[in-house]
Amino acid sequence: EVQLVESGGGLVQAGGSLRLSCAASGFTFDDYVIGWLRQAPGKEREVVSCISSSAATTYLADSVKGRFTISSDNAKNTVYLQMNSLKPEDTAVYYCAGGDLGVGFPGYWGQGTQVTVSS
């Protein structure tokens with residue numbers, strides 16, 4: 001079974017940085033996608049960023065372009081989300097999610113990690 005374990009959340013002041021990590025295991029297809037979604041009270045769930053297994057394709061939501069960067073380390077089967085210039089509106093539970101040819105994105109989910117940005 002596909003397992004996704006995220007970490008790196010915490011409390012940070014506005015303008016600060018955090019790096020989220022998602023350790024993936026159990027994928028049996030060569031082609032898959034891993035990304036991050038966030039859920040904040042009173043807001044709809046938002047896809048923040050995604051990266052393909054080949055790292056040839058990436059996606060960033062308009063709300064985080066220029067501030068967030070997604071990357072992967074294939075040797076460690078880990079995807080990272082570097083978050084810079086954080087704003088209070090970035091406060092949310094961030095979930096690592098994945099999809100492949102058998103289960104579309106976001107079909108697999110991690111447990112979530114809380115990111116809180118104070119003003």
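The nearest pair of heavy atoms linking Phe27 to Gly99 is CE2-O, 4.1 Å. Across every non-hydrogen atom of Glu6 and Gly110, the tightest pair is OE1-CA, 3.0 Å.
Without hydrogens or angle criteria, Ser52 side chain to Thr57 main chain gives a donor-acceptor distance under 3.5 Å. Thr78 places a side-chain N or O within 3.5 Å of a backbone atom of Lys76 that can act as its donor or acceptor partner. Distance alone, capped at 3.5 Å, places no donor-acceptor pair between the Gln39 side chain and the Tyr94 backbone. Checked by atom type and distance alone, the side chain of Ser72 never pairs as donor or acceptor with a backbone atom of Asn74 at under 3.5 Å. No donor-acceptor pair under 3.5 Å is formed between the side chain of Gln13 and the backbone N or O of Ser119. No donor-acceptor pair closer than 3.5 Å links the side chain of Ser49 to the backbone N or O of Ile70. Remark: the backbone N or O of Gly15 is not paired with any side-chain donor or acceptor of Ser85 at under 3.5 angstrom.
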Under the side-chain hydrogen bond (donor to acceptor under 3.5 Å, both in side chains) criterion, do Gln114 and Thr116 qualify, and how do the steps go? CA-CA 6 Å; Gln114 177 71 45; Thr116 302; 3.3 Å; yes
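Residues that satisfy the side-chain hydrogen bond (donor to acceptor under 3.5 Å, both in side chains) test with Gln82, not counting sequence neighbours, are Asn84. Applying the side-chain hydrogen bond (donor to acceptor under 3.5 Å, both in side chains) rule to Asp30 yields no partners; only residues at least two apart in sequence or on another chain are considered. Phe68 meets the ring-ring contact (aromatic ring centres under 6.0 Å, His included) test with no other residue; sequence neighbours excluded.
For the side-chain contact (heavy atoms from CB on, under 4.5 Å) criterion with Cys96, the lone passing option out of Leu4, Leu37, Val79 is Leu4.
Under the 6.0 Å cut-off for aromatic ring centres, Phe105 and Tyr32 do not qualify, their centroids lying 6.0 Å or more apart.
A single hydrophobic cluster is not seen to contain both Leu81 and Val33; linkage of ILVMFWY side chains at heavy-atom distances under 4.5 Å, directly or through other members, places them apart.
Asp62 has a carboxylate O that lies under 4.0 Å from a charged side-chain N of Lys65, or vice versa, which qualifies the two as a salt bridge.
Judged by the 6.0 Å and 45° rule, Arg19 forms a cation-pi pair with Tyr80.
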